[in-house]
*Asks:* 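Sending over a structure as structure tokens; questions will come in a sec.
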Amino acid sequence: MNLFTDIGHLVAGAIAQLQSKGTLPDGLDLGPVTVEPPRDPLHGDMATNAAMVLAKPAKMKPRDIAEALAPLLAEDDRITTAEVAGPGFLNLRLAPSVWQDLAKDVIAKGSAYGRSGMGQGKRVNVEYVSANPTGPMHVGHARGAIVGDATASLLAYAGYDVTREYYINDGGAQVDVLARSVYLRYLEAHDLSVDWPEGSYPGDYLIDVGEALKAKVGDKYLEAEESEWLEEVRTFATDAMMDLIRTDLASLGVVMDHFFSEKSLYDTGLIEKAIEELRDKGLIYRGTLEPPKGKTPEDWEPREQTLFKSTDYGDDVDRPIKKSDGSWTYFAPDIAYHYDKVSRGYDMLIDIFGADHGGYVKRMKAAVSALSESRVPLDIKLIQLVKLFKNGQPFKMSKRAGTFVTLRDVVEMVGSDAARFHMLTRKSDAALDFDFDKVKEQSKENPVFYVQYASARISSVLRKAAEAGIDCTDDTLRAADLSGLTHDLEIALAKKVAEWPRLVEIAARTHEPHRIAFYLFELASDLHTLWNAGNDDTSLRFLQEHDPAATQAKIALARAVSVVISGGLGILGVTPATEMR
RNA sequence: GCACCCAUAGCUCAGCUGGAUAGAGUGUCGCCCUCCGAAGGCGAAGGUCGUAGGUUCGAAUCCUACUGGGUGCGCCA
């Protein structure tokens, strides 16, 4: 249920009537017709641009179309006035009962209110985090994890069939470095002293892994050549790192549906298969790239390589898929991985990357377009960096100084709920300030607190009503008479609730979960405003001790708000508060 | 040199497939808040939407050029 689409259908019906009467020509595209809340409340409750966007194709003046539509719309019970305004807007005012009764519908729908069928069950793969399995995740990974997870939840809420996926970079040189580092810890576990070469991973987190390796293989590899132990240690080490990562993710409430191993691509020959697919399309060739202008690397020399003709699909230059020693570049398994995703039948792919991977966007999109015959859209979201603050002061991360902030540190310091909400209060492509003190602050400045406080207040008033012996169960509330909700603040709150399904669709269409966070803040703000008004005007208080009917009406509205807050926080992966401590 | 992202109130940021007088928080200023619904409330001021063009009935939004900041640019994944 979505009031805006309901009224949109009404507008479409009115247009059809005019067409059958010959006032408007047939065959008009209604796609650009919108029904939305006007920015200025003085313009009514909803406005449609129908007359303006149909003017040109219908070869009529916008105001003439609007004048013809207005009386037809006004016939509907829900609409009290339909006025032509400005260049041809049609401003609609809805009957108070529409807003009042909305609360009952919301309560009846419960957690289904706001869910949308726009996804039509289409299958979407959201790939996120995909941190190298070489150590614990840091705070930057946390943002990617949270944005990816919320995006996945958002799309599921909007009716898509969503898979949450993690690409394990376990096929490259860095996991060999990991294996060698673990081997050194293994030697240490046998009380041998070791030298740590440049570029290894000397972090403490590998000590346990070395011990565990010792427990598993004993002294088998103490005197062995690297070629004998490398593969087993590598597998052992990456498994251990993935356990670590899974645990870290779980502490944020992030649970993946599927982990995909880069290494498996080499083992199964999928890379060759994907490249063959491209070759069949004539997109693979031997050639020599121009050096980048302005900044030629010192050791540049022209070299013939195997290239993917990504320029056919909008990239700036063609991209190498093989190194000069004949092995694959990083891009090749990535092509194969996305080829696999396309082969698995997804209708849409979403990748959540760090901003430092911005240069890969065009080539990945080119590869997916080529491999899917442009059937599968790929949206890549770049996550900008997180700037840490403590007491308002910038907080630099440094491994050496011991100020390296891990994902787990963040969860332990501020909690999963606050971390998640805060990371979603910014567009993902804008840098985010994360101040440990502000995120924990209990004030209006902190949207996490403000939204949770709203849900806590509603829980509180429900408890109080029960104590006062007023029946406020959902079954009772959805049958209540809400015609007493006439105050501007009450109607305004109901209107905000009415916007929820519309907002979900906008956020889902744009793949931007931060819109949910902003909406929830506004909704909470409207609730607090009404609540505060109850301080001066007791008739606005939700709990009217001696008037059960009025209490039920007011609480029905509050309950509808809490339904939306729960649904919205659910998308963000944040638990609604029932009380504040 | 090229590509991508960003630029909106003093500060931090929203702003819908282009829509009417561009919003919020914070800060500033004024008023209120001794107890009941608490971690404040009400109101005011504050803008050439980076600059210059273009498309359009209509542009913060789309296009072009420029300025400033970030990221990246063949055998690193």
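If you're wondering where the values come from, they're calculated on a predicted model, not measured in any experiment.
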*Asks:* What is the distance from atom CD1 of A/I565 to atom CD of A/Q452, rounded to the nearest 0.5 Å?
*Replies:*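 So the CD1 of A/I565 and the CD of A/Q452 are separated by 9.5 Å.
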
*Asks:* Is A/D435 salt-bridged to A/K390, cutoff N-O under 4.0 Å?
*Replies:*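 Looking at A/K390 together with A/D435, the answer is no, because their closest N to O distance does not fall below 4.0 Å.
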
*Asks:* For B/C31, give the paired nucleotide (Watson-Crick: N1-N3 plus N6-O4 or O6-N4; G-U: N1-O2 and O6-N3; both under 3.5 Å), or none.
*Replies:*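 Base-paired to B/G41.
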
*Asks:* In whole angstroms, how far is the C1' atom of B/G40 from the CZ atom of A/F449?
*Replies:*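 Atom CZ in A/F449 sits about 11 Å away from atom C1' in B/G40.
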
*Asks:* Under 4.0 Å, counting only non-hydrogen atoms across every strand here, what does A/L307 touch: a base, just sugar-phosphate, or nothing?
*Replies:*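 The residue A/L307 makes no contact with any strand.
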
*Asks:* Could you tell me the separation between the CH2 atom of A/W531 and the P atom of B/A38, rounded to a whole number of Å?
*Replies:*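 The answer, rounded to whole Å, is 9 Å.
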
*Asks:* Both A/G171 and A/G534 contact RNA chain B. Which one's nearest nucleotide lies toward the 5' end?
*Replies:*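 Looking at RNA chain B, the more 5' nearest nucleotide goes with A/G534.
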
*Asks:* Identify whether NZ of Lys or CZ of Arg in A/R515 sits under 6.0 Å from the centre of the six-membered ring of A/Y519 and within 45° of that ring's axis.
*Replies:*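 No, A/R515 does not sit over the ring of A/Y519.
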
*Asks:* Between B/G25 atom P and A/F521 atom CZ, what is the distance in whole Å?
*Replies:*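 Going from A/F521 (CZ) to B/G25 (P), I get 7 Å.
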
*Asks:* Does the plane of the ring in A/F434 sit parallel, tilted or perpendicular to the ring in A/H422? Use 30° and 60° as the thresholds.
*Replies:*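 Ring orientation, 0 to 90° scale: perpendicular.
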
*Asks:* P atom, B/A3 versus B/U64: distance in rounded Å?
*Replies:*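 One P to the other, the span is 11 Å.
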
*Asks:* What's the gap between B/G23 and B/U28 when it is taken at their P atoms, as a whole Å value?
*Replies:*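 The answer is 23 Å between these two P atoms.
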
*Asks:* For every nucleotide of nucleotides 6-14 of chain B, 5' to 3': is a protein heavy atom under 4.0 Å from its base (B), only from its sugar-phosphate (S), or from neither (-)?
*Replies:* S-----SSS

*Asks:* Could you measure between the two P atoms, the one in B/G50 and the one in B/U34, and give it in whole Å?
*Replies:*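 So the two P atoms sit 45 Å from each other.
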
*Asks:* So what's B/A24 paired with, Watson-Crick or G-U wobble, going by both distances under 3.5 Å?
*Replies:*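 Pairing partner: B/U12.
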
*Asks:* Could you tell me how far B/G58 sits from B/G68 if I compare only their C1' atoms? Round to whole Å.
*Replies:*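 Each nucleotide's C1' atom is 30 Å from the other's.
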
*Asks:* Does A/E512 reach the side chain of A/K381, with side-chain heavy atoms less than 4.5 Å apart?
*Replies:*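 A/E512 vs A/K381: side chains touch.
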
*Asks:* Just the rounded figure in Å: distance from P of B/A38 to OH of A/Y450.
*Replies:*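 It works out to 13 Å between those atoms.
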
*Asks:* How far, in whole Å, is B/C49 from B/C35 if one measures between their P atoms?
*Replies:*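 It works out to 48 Å between them.
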
*Asks:* Nearest whole Å is fine: how far is B/C33 P from A/N532 CG?
*Replies:*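 After rounding, the reported distance stands at 16 Å.
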
*Asks:* Would you say A/K444 reaches B/G25's phosphate, i.e. side-chain N/O to OP1/OP2 under 4.0 Å?
*Replies:*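 Yes, A/K444 has a side-chain N/O under 4.0 Å of OP1/OP2 on B/G25.
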
*Asks:* Would you say the base of B/G72 stacks on A/H357 (centre-to-centre below 5.5 Å, plane angle below 30°)?
*Replies:*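 Here the ring of A/H357 and the base of B/G72 are not stacked, as the 5.5 Å and 30° limits are not both satisfied.
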
*Asks:* Considering only the P atoms, how many Å lie between B/A52 and B/A9, rounded to the nearest integer?
*Replies:*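 Per the computed distance, 16 Å lies between those P atoms.
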
*Asks:* Roughly how many Å is it from NZ in A/K438 to P in B/G25, rounded to a whole number?
*Replies:*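 Rounded to whole Å, this separation is 16 Å.
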
*Asks:* If you apply the rule side-chain hydrogen bond (donor to acceptor under 3.5 Å, both in side chains), what do you find for A/D351 with A/H338, and how did you get there?
*Replies:* CA-CA 10 Å; A/D351 288 353; A/H338 284 78; 2.6 Å; yes

*Asks:* Tell me whether the rings of A/F518 and A/H514 are parallel (<30°), tilted (30 to 60°) or perpendicular (>60°).
*Replies:*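 Rings of A/F518 and A/H514: perpendicular, as their planes differ by over 60°.
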
*Asks:* If the C1' atom of B/C73 is compared with that of B/A60, how far apart are they to the nearest Å?
*Replies:*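 These two C1' atoms come out 31 Å apart once rounded.
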
*Asks:* Please determine, for B/C36, whether a Watson-Crick or G-U wobble partner exists with both distances under 3.5 Å, and give it or none.
*Replies:*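 By the stated definition (distances under 3.5 Å), nothing pairs with B/C36.
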
*Asks:* What is the separation between atom CZ on A/R319 and atom P on B/A3, rounded to the nearest whole Å?
*Replies:*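 Checked: the CZ to P distance equals 12 Å.
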
*Asks:* Considering only B/A38, B/G70, B/C16, which nucleotide approaches the side chain of A/N535 most closely?
*Replies:*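 Taking heavy atoms from C-beta onward, the closest nucleotide is B/A38.
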
*Asks:* Might you work through the side-chain hydrogen bond (donor to acceptor under 3.5 Å, both in side chains) test for A/H43 and A/N91, ending with a clear yes or no?
*Replies:* CA-CA 6 Å; A/H43 293 136; A/N91 289 333; 5.1 Å; no

*Asks:* Answer yes when A/K496 and A/E522 have at least one side-chain N-carboxylate O distance shorter than 4.0 Å, and no when they do not.
*Replies:*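 Between A/E522 and A/K496 there is a salt bridge, with a charged N closer than 4.0 Å to a carboxylate O.
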
*Asks:* In whole angstroms, how far is the C1' atom of B/G37 from the CD atom of A/E467?
*Replies:*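 Rounding to the nearest Å, CD of A/E467 and C1' of B/G37 are 14 Å apart.
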
*Asks:* Considering only nitrogen or oxygen atoms on both sides, find all protein atoms under 3.5 Å from nucleotides 58-67 of chain B and state each distance.
*Replies:*
none

*Asks:* Under 3.5 Å for both donor-acceptor distances, Watson-Crick or wobble: does B/U48 have a partner, and if so which one?
*Replies:*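 None - no nucleotide pairs with B/U48, as no candidate has both distances under 3.5 Å.
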
